[in-house]
Number of protein chains: 2
Amino acid sequence: MKPREDAVLSTMQDVPLLISRILTHGSTIHGDSQVITWTGEAEPQRRSFAEIGARTAQLAHALRDDLGVVGDDRVATLMWNNSEHVEAYFAIPSMGAVLHTLNLRLPPEQLAWVVNHAADKVIIANGSLLPLLAPLLPHLKTVEHVVISGPGDRSALAGSHAQVHEYEDLLAGKPTGYDWPELDERTGAAMCYTSGTTGDPKGVVFSHRSIYLHSLQVNMAQSMGLTDQDTSLVVVPQFHVNAWGLPHATFMTGVNMLMPDRFLQPAPLAEMIEKERPTHAAAVPTIWQGLLLELTANPRDVSSLTQVTIGGSACPPALMAAFDKLGMRVCHAWGMTETSPLGTIARPPAHAVGTDAEFAYRITQGRFPTSVEARLSGPGGERLPWDGESAGELEVRGPWIAGSYYNGPDGEPLRPADKFSEDGWLKTGDVGTISPDGFLTLTDRAKDVIKSGGEWISSVDLENALMAHPDVMEAAVVAVPDDKWGERPLATVVLSEGSTADFASLRAFLAGEGKIAKWQLPERWTIIESVPKTSVGKFDKKVLRRQYAEGELDVTKL
Amino acid sequence: MKPREDAVLSTMQDVPLLISRILTHGSTIHGDSQVITWTGEAEPQRRSFAEIGARTAQLAHALRDDLGVVGDDRVATLMWNNSEHVEAYFAIPSMGAVLHTLNLRLPPEQLAWVVNHAADKVIIANGSLLPLLAPLLPHLKTVEHVVISGPGDRSALAGSHAQVHEYEDLLAGKPTGYDWPELDERTGAAMCYTSGTTGDPKGVVFSHRSIYLHSLQVNMAQSMGLTDQDTSLVVVPQFHVNAWGLPHATFMTGVNMLMPDRFLQPAPLAEMIEKERPTHAAAVPTIWQGLLLELTANPRDVSSLTQVTIGGSACPPALMAAFDKLGMRVCHAWGMTETSPLGTIARPPAHAVGTDAEFAYRITQGRFPTSVEARLSGPGGERLPWDGESAGELEVRGPWIAGSYYNGPDGEPLRPADKFSEDGWLKTGDVGTISPDGFLTLTDRAKDVIKSGGEWISSVDLENALMAHPDVMEAAVVAVPDDKWGERPLATVVLSEGSTADFASLRAFLAGEGKIAKWQLPERWTIIESVPKTSVGKFDKKVLRRQYAEGELDVTKL
């Protein structure tokens, strides 16, 4: 629609949505709020948002004046969740450069690949991670400077081609204010590579605009809805999709952050909850499962923690119910690197609150916020209705949803046809249904669905049903080739210690109470010690499929 | 900062922030939520967001196909708060036209002036407002169509130059879907003229972007923070700065709206609270003062209503305390037409909650959200510190803050130097202080400050202190000329029925307990029947100044 000659122009100011604004707001209006970093010592490190604001300015001066970071240079971080990582989160984009968070759980060769692909100029690393970084560094040709923060032996970096700096030395004496530039809000601010299970990792570049809008959403009462009366235990790593936006969102509202640094084991997590009394936590289910075992073995006062956002993969309903009993209300969220990540969040609708229907809503992936448009695409690309029954691949669109990947082989943005539709929507690779009131239920990854005799069997439904069995710790179901049906499910099961359950009884359990249709019940069963996980804690089913193909699993056929 | 040749581009989708997205979201994902409109009958009108979505599409078809609305034509509304007004709110901007809400409390000549200045093509009016519209219509030459909704005698429009339509007839049979255009988010979406006390009214044009961002803010837990479990009683008129953004914000989250239509008197308001049990209300203090008297005379069960957002002018602390006793927690917000309007909101900081300091925070205007930057400008234009003591004129900047007014005499945007600084900030005309933690306390309008002997006396401080007296219903203090001091305060007081308080005792009350410094105490006193109000319910002090100047007030000098 072309404006007419006497077009009505908005009289609003043209002010860009910038991360430097979030920083300035948080470090002044919420200057008393704190980032509390666990150190393993008697006392954690406590830094106010005001101090972090000042140190962020110092870091930016150091990066510009001492290390020569200009324009859109990429500055990488290889760090745990801690206050220095928060400083990097704000300094690098605010000065106009691009923050590249490195996933410290990636295999070393992939880590080297992403640093080289992003052409990072600087790496800020925790001292405790030098054993990982040092052997890689000779392969990171674009890296001119390494900045080390926190305890750890520096000697392994001797003789490196990169200049090595101490984080605190760089900051010392620098001005505590910085004249942040007025950038275009669509400028790249932070990048994160997907830990894809096939092919090279792919870079997603978040803009100032996308991060700002996402932060507003995280703070909406119907999302996480935290205020400065809250303290959030940020277990989800800062290298994993901006820790779900929490460092930015908390600076908008003064929410205190409790950062576990490298102390991600169940015992220290339980200790920090008891001592620092967070009201909220954000984590993937596997970490939370470990915490439950720890709290069962060694009970502690964790009563402060009433709200837990779980994402990364679905929280098994049995685990959710167990946490309900502890007074920790789990709220499901769904997202991926390409969705910044908030795609849905499972706050039950008003009519279900306090009724029997509530739990059924809570175990869905949740509702889409206003800024995320969703549609379901059938096997033939047809649009499927939101009827709660038609299962299709989820496609999404919105201002914080990726429309391409960074820097393809020809230097142009990468838009693979299996990831982006022709009209620009993201194909999530997740298969599920959407109810008429907009609740998403994921049934599987498109690649993990079991195609049996022309029908789909959801591996996730089988896993959830199995994990509800009291003797089953974990279960993963994968498709294996079958002469008659094309594919059939293989159930791989981790039993709890001392369990005497046999496969026939597990199969009968699945069949009971109308849980699973008879034709979907697995014939093939195997016991494993633990389900293999990806670097971000998801079930790594390609490992199981390979082990099966190579005859490494001891499979019983019922 | 110029991007380098290998600039890192964001890989985010470029999706505009549009009102049509808010509409589609609300009418699908929150399709069951309701707009409940009071009718004065036994049952209110109830319409689901899904129905409103369908009717909005029908209205857009009617405007385009039957009335010829194209491009950025202005479509005005002369309506109370009701569901049809919500439909107009969404249909007009979503189709690419501009909604112009007419303030039905403006003097007729000003109303005609703004319609002609905006060159409105269509007016949608409530039948109950035809007695106001009919005599004006001959003067509204640009208006081609009048659309009437709801009860009221239509005969006064006979012989009008404009075509007259029935709202429901226009909608009947139209398609219930509309292919909303993909607009630039900076397109004008809605306009609202300021009811300035001097000079011609000035038009503020909100963009899709500004309304969308403002709606996200309204929904943040630290702002109004409502969810689909809430029902909001929207007393603040839809013609008054988009009803503080509530119609848009509620469609983002499924909050039900209770709309009083023309039933704004204390008795029906009390009745609708008892019957429909809203959890939240938004209103100006004068309406709420009337409600308090009504509830005192005729107690009702208003226990559902726990949160009241008060804006438009400051809520006297005594009134706030009275509502606390009723279980209605008043939350102050400050804003103006030029600020969309959310400028601040008074949620106390975490450290004050539950302490004696809490009330002191609640009677401030509140804290600025991330998207509103603020500074104080002294009499000489110098920047003043945020020390809670230095009083200056408040200036603000942000994506939902006006940077100009619509269509000056030469067709260019209007940027009067007394309203906008050279660097584009809005000069609010409000004088106050900002505390180090960002809480704004307004002491006065710049034009109402009393300049006495080279010092400033705040008229508002005097009014609040006076209104805390049990016999004082209302009090307004204005500057009057004084030979010795330049200006001195005149106290105009409305006493409660049967009161025997005299001026000397009121003056002693002000002086007591260190409330007001001795040199600030008024010498001039007068009793009035009620404080004159502007069309939006604010004290109209220019009337009092004129009455004093013309000798119409019976003034006692102590």
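Below, each value reflects all heavy atoms present in this structure, side chains not excepted, and no hydrogens, waters or symmetry copies. Proteins come first, then strands; the chains are lettered A, B, ... in the order of their sequence lines, and each starts at number 1. In this text, all values refer to a predicted model and were calculated from it rather than measured experimentally.
- Here the two rings, on B/H25 and B/H30, have centers that are under 6.0 Å apart.
- Counting only heavy atoms from C-beta outward, the side chains of B/C331 and B/I345 approach each other to under 4.5 Å.
- Between chain A and the options B/S404, B/G203, B/G438, B/G26, the largest number of non-hydrogen pairs under 4.5 Å is found for B/S404.
- Not one N or O on the side chain of B/T370 forms a donor-acceptor pair closer than 3.5 Å with the backbone of A/I22.
- For the set A/Y405, A/W425, A/F251, A/F420, the count of heavy-atom pairs under 4.5 angstrom toward chain B peaks at A/Y405.
- Although no hydrogens or angles enter the test, the distance criterion places a donor-acceptor pair under 3.5 Å between the side chain of B/Q222 and the main chain of A/T253.
- Side-chain polar atoms of B/Y193 and B/H100 form no donor-acceptor pair below 3.5 angstrom.
- Judged by distance alone, with hydrogens and angles left aside, the side-chain atoms of A/S223 form a donor-acceptor pair with the main-chain N or O of A/Q217 at under 3.5 Å.
- When heavy atoms are compared at a cutoff of 4.5 Å, A/H208 does not approach chain B at all.
- Note: B/R21 leads B/R186, B/R21, B/M224 in heavy-atom pairs under 4.5 Å with chain A.
- If you measure heavy-atom distances from A/V98 to chain B, the contacts under 4.5 Å come from the side chain alone.
- Taking both residues in full, the closest heavy atoms of A/R347 and A/F439 are given as O-CZ, 3.3 Å, listed atom of the first, atom of the second, then distance.
- Chain A forms the most heavy-atom pairs under 4.5 Å with one residue out of B/S435, B/P369, B/P436, and that residue is B/P369.
- Between the A/N256 side chain and the A/Q34 main chain, a donor and an acceptor come within less than 3.5 Å of each other.
- Summarising the geometry of A/P93 relative to A/A189, their closest heavy-atom pair is CG-O, 3.4 Å, with the distance given to 0.1 Å.
- Looking at A/V372, the atoms closer than 4.5 Å to chain B (heavy atoms on both sides) all sit in the backbone: N, CA, C or O.
- In the displayed structure, B/D410 atom CG is contacted under 6.0 Å by more than 12 heavy atoms of other residues, nucleotides or ligands.
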* Using the side-chain hydrogen bond (donor to acceptor under 3.5 Å, both in side chains) rule, take A/H248 and A/S215 through it: C-alpha gap first, then chi angles, then the decisive distance, then the call. => CA-CA 6 Å; A/H248 303 115; A/S215 304; 4.7 Å; no
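- In this structure, B/D73 pairs ionically with B/K121, as a charged nitrogen and a carboxylate oxygen lie closer than 4.0 Å.
- For B/R209, the part lying under 4.5 angstrom from a heavy atom of chain A is the side chain only.
- Under a 3.5 Å cut-off, the side chain of B/N219 and the backbone N or O of B/A249 do form a donor-acceptor pair.
- Counting heavy-atom pairs under 4.5 Å between each of A/G403, A/G411, A/S10, A/S340 and chain B puts A/S10 at the top.
- In terms of heavy-atom pairs under 4.5 angstrom with chain B, the leader among A/L213, A/D32, A/D230, A/T28 is A/L213.
- Of the listed residues B/N407, B/I401, B/D437, the one with more heavy-atom pairs under 4.5 angstrom with chain A than any other is B/I401.
- Looking at B/L226, only its backbone comes within 4.5 Å of chain A, counting heavy atoms on both sides.
- For A/W386, the part sitting under 4.5 Å from any heavy atom of chain B is the side chain, from C-beta outward, and nothing else.
- Most heavy-atom pairs under 4.5 Å with chain A, from the set B/S207, B/A350, B/A50, B/P349: that is B/A350.
- Using a 4.5 Å cut-off between heavy atoms, B/P413 does not touch chain A at all.
- There is no contact between A/D184 and chain B, counting heavy-atom distances below 4.5 Å.
- Salt-bridge formation is not detected for the pair B/K427/B/E395: no Lys NZ or Arg NE/NH1/NH2 atom is positioned less than 4.0 Å from an Asp or Glu carboxylate oxygen.
- Only the backbone of A/V396 comes within contact range of chain B, with heavy atoms under 4.5 Å apart.
- With a 4.5 angstrom heavy-atom cutoff, A/L17 touches chain B via backbone and side-chain atoms both.
- The most heavy-atom pairs under 4.5 Å with chain B, out of A/G31, A/G398, A/P16, come from A/G398.
- Of the atoms belonging to A/F206, heavy atoms from both backbone and side chain fall under 4.5 Å from chain B.
- Salt bridge present: B/D228 and A/R367 bring a charged side-chain N and a carboxylate O closer than 4.0 Å.
- Only the side chain of B/Y212 comes within contact range of chain A, with heavy atoms under 4.5 Å apart.
- Heavy-atom distances place both the backbone and the side chain of A/P399 under 4.5 Å from chain B.
- Interface remark: A/R397 contributes backbone and side-chain atoms alike to the contact with chain B (heavy atom separation under 4.5 Å).
- Heavy-atom distances place both the backbone and the side chain of A/S371 under 4.5 Å from chain B.
- A/R415 does not touch chain B: none of its heavy atoms, backbone or side chain, sits under 4.5 Å away.
- Residue A/I434 does not touch chain B at all, counting heavy-atom pairs closer than 4.5 Å.
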